[in-house]
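Note that this is a predicted model, so its numbers are computed, not measured. Numbers for residues simply follow the sequence, beginning at 1.
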Amino acid sequence: MLADDAATAADLEVPVTLLDADLPLPSYAHPGDAGADLVTTVDVELAPGERVLVPTGVAIALPDGYVALVHPRSGLAARHGLSIVNTPGTIDAGYRGEIKVLLINHDPVEPIVLRRGDRIAQLVVQRFERARFVPVADLPESVRGSGGYGSTGGFGPTNEQTKETSQ
Ligand SMILES: O=c1ccn([C@H]2C[C@H](O)[C@@H](COP(=O)(O)OP(=O)(O)OP(=O)(O)O)O2)c(=O)[nH]1
Ligand SMILES: [Mg+2]
């Protein structure tokens, strides 16, 4: 059973429709948690390496200027290798459809069995900035410059599985 998430008047109000009345609203396990847990409405078994788009029974209407991000749950990742292909998934403010989660089983050997009502992911609601992309000839200088992808050090050479395309 989920703990009472103790919503307060200070919390952002987000209208939700439950497409499956027997399952719960997204719910925070503890006060102060960033992620509200989402459940699967279906039983599903993921073979090793398999990905499945799983329904959550929830549709929301975020206010303009907000986004909801669908993150994996670390316990399921650590214990079973369960993650999300497109992590974090982006729920746009204008989206009124059912939130779905593209789960993947990263375990090389064991299948993962999920039951209807299991908590499979967590939704983090955030404000965001819209950018006005302004073309310029030269970007302002910075200390980092164009160094990236391990420019500050790492361990070992790049694995040959990492392919890079050149122009
Ligand atoms: O994990 C996710 C990610 C997205 N969506 C929904 C909400 C989101 O607003 C919409 C579109 O997502 P996104 O923009 O990431 O996908 P796209 O491939 O760019 O699709 P579109 O062309 O519809 O924008 O799909 C989900 O239900 N779950
Ligand atoms: Mg899109």
Side-chain angles (χ1 to χ4, degrees), residues 2-3 5-16 26-40 46 48-54 56 58-109 112 119-167:
L2 294 182
D5 64 2
T8 72
D11 291 344
L12 179 74
E13 192 171 299
V14 176
V16 182
S27 174
Y28 298 98
H30 304 107
D33 281 1
D37 291 325
L38 297 170
V39 302
T40 170
L46 294 100
E50 190 179 19
R51 60 179 190 263
V52 177
L53 191 60
V54 173
T56 66
V58 166
I60 63 176
L62 291 165
D64 279 346
Y66 287 83
V67 63
L69 301 176
V70 183
H71 289 265
R73 296 187 63 218
S74 57
L76 297 175
R79 284 202 297 276
H80 304 292
L82 185 71
S83 193
I84 297 174
V85 175
N86 58 321
T87 181
T90 303
I91 310 301
D92 298 292
Y95 181 68
R96 298 288 179 269
E98 182 173 16
I99 296 175
K100 295 184 180 172
V101 182
L102 189 53
L103 293 175
I104 183 160
N105 178 3
H106 281 308
D107 193 283
V109 178
I112 298 174
R119 293 174 291 147
I120 54 164
Q122 53 186 328
L123 200 60
V124 177
V125 175
Q126 292 181 198
R127 271 185 196 277
F128 67 91
E129 300 290 336
R130 283 256 312 190
R132 189 162 41 86
F133 295 99
V134 181
V136 295
D138 297 296
L139 297 173
E141 287 188 4
S142 75
V143 174
R144 173 175 283 272
S146 58
Y149 299 93
S151 66
T152 62
F155 53 92
T158 299
N159 188 291
E160 62 187 20
Q161 294 292 317
T162 306
K163 294 187 185 144
E164 193 169 353
T165 57
S166 52
Q167 291 174 335

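- Atoms CG and CG, from Leu46 and Asp107 in turn, are 11.0 Å apart once rounded to the nearest 0.5 Å.
- For the pair Gln122 (side chain) and Leu38 (backbone), a donor-acceptor distance under 3.5 Å is absent.
- Here the shortest heavy-atom pairing between Gly145 and Ser142 reads N-OG, 3.0 Å.
- Side-chain atoms of Arg144 and Ser151, non-hydrogen and from C-beta on, do get closer than 4.5 Å to each other.
- When all heavy atoms are compared, the tightest approach of Ala121 to Val70 is CB-CG1, 4.0 Å.
- Judged purely by atom type and a 3.5 angstrom limit, Asp33 has no side-chain atom pairing as donor or acceptor with the backbone of Gly35.
- Judged by distance alone, with hydrogens and angles left aside, the side-chain atoms of Asp37 form no donor-acceptor pair with the main-chain N or O of Arg119 at under 3.5 Å.
- Residue Gly97 comes nearest to Ala59 through the heavy atom pair O-CB, 3.4 Å, listed as atom of the first residue, atom of the second, then distance.
- Using a 4.5 Å heavy-atom cutoff, the side chains of His106 and Ile104 are in contact.
- Smallest separation of non-hydrogen atoms from Thr87 and Pro72: OG1-CD, 3.0 Å.
- Closest of all the heavy-atom pairs between Ile112 and Gly81 is CD1-C, 4.2 Å.
- The minimum heavy-atom distance between Tyr66 and Val125, with the atom names listed, is CD2-CG1, 4.1 Å.
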Open item on the list: Between Ile60 and Leu123, does the side-chain contact (heavy atoms from CB on, under 4.5 Å) criterion hold? Intermediate values first, please.
Closed with: CA-CA 11 Å; Ile60 63 176; Leu123 200 60; 4.2 Å; yes

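- Rounding to the nearest 0.5 Å places CG of Leu82 at 11.5 Å from OG of Ser74.
- Heavy atoms of other residues, nucleotides or ligands lying less than 6.0 angstrom from CG of Asn159 number more than 12.
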TODO: List the steps and the verdict of side-chain contact (heavy atoms from CB on, under 4.5 Å) for Thr56 and Thr40.
DONE: CA-CA 5 Å; Thr56 66; Thr40 170; over 6 Å; no

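- In this structure, the side chains of Pro88 and Val124 stay at 4.5 Å or more apart for every pair of heavy atoms.
- From Leu12, atom CG reaches atom CZ of Arg127 across 8.0 Å, with rounding to the nearest 0.5 Å.
- Looking only at distances, no side-chain donor or acceptor of Asp92 sits under 3.5 Å from a matching main-chain atom of Gly94.
- At least one side-chain heavy atom of Asn86 sits less than 4.5 Å from a side-chain heavy atom of Ile84.
- Using a 4.5 Å heavy-atom cutoff, the side chains of Val39 and Ile120 are not in contact.
- Counting heavy atoms of neighbouring residues, nucleotides and ligands inside a 6.0 Å radius, atom CZ of Arg51 does not exceed 12 of them.
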